[in-house]
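Side chains included, hydrogens not; waters and symmetry mates left out as well; all remaining heavy atoms used. This is a predicted model, so every value here is computed, not measured.
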Amino acid sequence: MNSKDQKVLVSTFEKEVCEGLTAFPKYLSSKFFYDEVGDELFQQIMALPEYYLTRAEYEIFETHTSDILQSFDATKQGFDLIELGAGDGKKTKVLLKELLHQKYDFNYKPIDISENAVDGLVKNLKEEMPKIVVQGQIGEYFEILDRLKHMSDRKKVIMVLGSNIGNLLHSRAIQFLKKLYNAMHPGDLLFMGFDQKKHPQKVLDAYNDKTGVTAAFNKNVLARINKELDGNFDLDKFMHWETYDPESGTAKSYLVSKEKQTVDINNLSLQVHFEAWESIHTEISQKYDDDTVKWLVEESGLSIVQTFSDQNNDYKDYLITRTK
């Protein structure tokens, strides 16, 4: 790897691509999977028979709707519903419809790194549920968490669905939860999904489907580099590879170079050299059990109030609070 000349990197995408592809071993962040193409591919992933996560959480929302809403605001005093990584809001709409039906006093604040996703969701909700006050925000979790506490003194219910916390190793998950703690007032709530440990093959299949949609999603980060940073990655020269360690509960995604090759990224003035079978680590998807979640939450100064599970116990949503 070598830089052809010095260049000022202006965007987070440029900066992190440069850092990741000049590191050893190489890595790229999974947050860069998401653009208009990536969003569409993820919609396809959520509909795959192998991808159980979305269906399991959707089942929780449909089965336990009233109990969930009761746990959010038993006395109907009003609250802000703040969703990190809102995506298309399909699952959340189940709660939103019921919140409207039961005349809860709430505002909905969906937050996502994808401008395309936030704009689409806000527009969609205006058409489907015009009575809801929706205030969409675009940005990374850690940036927006710093602003959360100053949004209002109203009670906050922060939702992190889809086991998004699973993209963080335990040490960073604790950092994330501590930031949430700092963004919360005592009595505020966190409603967070954690994918549970299960048969290892079921996990592997969820991230490596037979039709290749997950592979295309993984490779979309290379397509984005080509499109936005004038790169010349040949996507056919890379293969999608998934691993799962049932001991740690960590699933990992890689892009593996099938041959020795050199890639130019012109906007970064960068040449990236790959040996045959060299990898780029792109994503982790952590799986949990109750003891691990309890440890993560307590290490962060928070406490678990209640849990909601699907019928197969594949997935759980944990209601968590800051008590002091």
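Under the 4.5 Å side-chain heavy-atom criterion for ILVMFWY residues, a single connected hydrophobic cluster contains both L190 and W295. There is no path of hydrophobic side-chain contacts, each under 4.5 Å, that joins I113 to V134. Linking Ile, Leu, Val, Met, Phe, Trp and Tyr residues whenever their side-chain heavy atoms come within less than 4.5 Å leaves Y27 and V221 in two separate clusters. In terms of hydrophobic clustering, with Ile, Leu, Val, Met, Phe, Trp and Tyr side chains grouped at heavy-atom distances under 4.5 Å, I284 and M192 are assigned to different clusters.
Note that CD of E98 is 6.0 Å distant from CG of L69, once rounded to the nearest 0.5 Å. Atom CZ of F176 is separated from atom CG of L169 by 14.5 Å, given to the nearest 0.5 angstrom. The CD1 atom of I280 sits 5.5 Å away from the CG atom of L222 when rounded to the nearest 0.5 Å. Here the OG atom belonging to S114 is positioned 8.0 Å from the CG atom belonging to D35, to the nearest 0.5 angstrom. Remark: Y34 OH to D39 CG distance equals 8.0 Å, nearest 0.5 Å. Rounding to the nearest 0.5 Å places OH of Y315 at 5.0 Å from OG of S163.
At least one donor-acceptor pair closer than 3.5 Å links the side chain of S29 to the backbone N or O of K31. In this structure, S257 contributes its side chain and E259 its backbone to a donor-acceptor pair below 3.5 Å. In terms of modelled atom types and a separation under 3.5 Å, the side chain of T282 and the main chain of N218 share no donor-acceptor contact. Looking at N220, its side chain does come within 3.5 Å of a backbone N or O of F33 through a donor-acceptor pair. Side chain of E59 to backbone of Q311: a donor-acceptor contact under 3.5 angstrom is found. With hydrogens and angles ignored, the 3.5 Å screen pairs a side-chain donor or acceptor of D73 with a backbone N or O of Q77. Side-chain atoms of N164 come within 3.5 Å of backbone atoms of L161 as a donor-acceptor pair (strictly under, hydrogens ignored). In this structure, H273 contributes its side chain and K260 its backbone to no donor-acceptor pair below 3.5 Å.
Here the shortest heavy-atom pairing between Q306 and S71 reads OE1-CB, 3.7 Å. The minimum heavy-atom distance linking Q102 with S66 is given by the pair NE2-OG, 3.8 Å. Between D310 and A56, the shortest heavy-atom distance links the atoms CB-O, 3.6 Å. The heavy-atom pair separating I45 from Y51 by the smallest distance is O-CB, 3.2 Å. Of all heavy-atom pairs spanning V118 and G136, the tightest one is CG1-CA, 3.9 Å. In this structure, M184 and L302 approach most closely via the heavy-atom pair SD-CD2, 4.1 Å.
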_Let's go through Q196 and K316 carefully: what are the C-alpha distance in whole Å and the side-chain angles of both, what is the deciding distance for side-chain hydrogen bond (donor to acceptor under 3.5 Å, both in side chains) to 0.1 Å, and is it a yes or a no?_
CA-CA 7 Å; Q196 303 293 292; K316 284 187 181 178; 4.5 Å; no

*asked:* Run I138 and D112 through side-chain contact (heavy atoms from CB on, under 4.5 Å) and show every step you take.
replied: CA-CA 5 Å; I138 299 146; D112 203 286; over 6 Å; no

*Which is it for E83 and T92 under the side-chain hydrogen bond (donor to acceptor under 3.5 Å, both in side chains) test, yes or no, and what are the steps along the way?*
CA-CA 9 Å; E83 184 173 5; T92 311; 2.8 Å; yes

*When you look at I82 and Y108, which way does the side-chain contact (heavy atoms from CB on, under 4.5 Å) test go after all the steps?*
CA-CA 6 Å; I82 301 165; Y108 177 50; over 6 Å; no

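A cation-pi arrangement, defined by a distance under 6.0 Å to the six-membered ring centre and an angle within 45 degrees of its axis, is absent between R224 and F32. By the 6.0 Å and 45° rule, K197 does not stack over the aromatic ring of Y288. The cationic group of K26 lies under 6.0 Å from the six-membered ring centre of F274 and within 45° of the ring axis, placing it in a cation-pi geometry.
For residues 174-185, there are no salt bridge (charged side-chain N to carboxylate O under 4.0 Å, His left out) pairs, not counting sequence neighbours. Screening residues 40-54 for salt bridge (charged side-chain N to carboxylate O under 4.0 Å, His left out) gives no qualifying pairs among residues at least two apart or on separate chains. A salt bridge (charged side-chain N to carboxylate O under 4.0 Å, His left out) check over residues 114-137, counting only residues at least two apart or in different chains, returns the pairs K93-E128. Within the structure, salt bridge (charged side-chain N to carboxylate O under 4.0 Å, His left out) pairs that include any residue of residues 184-193 comprise K156-D188 (at least two apart or interchain).
A salt bridge is defined here as a Lys NZ or Arg NE, NH1 or NH2 lying under 4.0 Å from an Asp or Glu carboxylate O, and D195 with K198 meets this definition. By the 4.0 Å N-to-carboxylate-O rule, E19 lies close enough to K15 to be salt-bridged with it. Between D205 and K210, none of the side-chain N atoms (NZ, or NE/NH1/NH2) sits under 4.0 Å from a carboxylate O, so this pair counts as no salt bridge.
With 3.5 Å as the limit, one finds a donor-acceptor pair spanning the side chains of Q271 and D264. At a cut-off of 3.5 Å, with distance as the only test, a side-chain donor of D209 or T214 sits close to an acceptor on the other residue.
Within 6.0 Å of NZ on K90 lie no more than 12 heavy atoms contributed by other residues, nucleotides or ligands. Within a 6.0 Å sphere centred on NZ of K76, heavy atoms belonging to other residues, nucleotides or ligands number more than 12. Taking a 6.0 Å sphere around CD of E36, one finds it holds 12 or fewer heavy atoms contributed by other residues, nucleotides or ligands. K294 NZ: 12 or fewer foreign heavy atoms inside a 6.0 Å radius.
V256 belongs to a hydrophobic cluster with M239, W241, Y254, W277, counting contacts under 4.5 Å between side-chain heavy atoms of Ile, Leu, Val, Met, Phe, Trp and Tyr, direct or through other members.
Each of F72, F79, Y318 was checked for a ring pair (Phe, Tyr, Trp, His ring centres under 6.0 Å) with F191, and the lone residue meeting it is F72.
Partners of H185 according to the ring pair (Phe, Tyr, Trp, His ring centres under 6.0 Å) rule, which considers only residues two or more places apart in sequence or in another chain, do not exist here.
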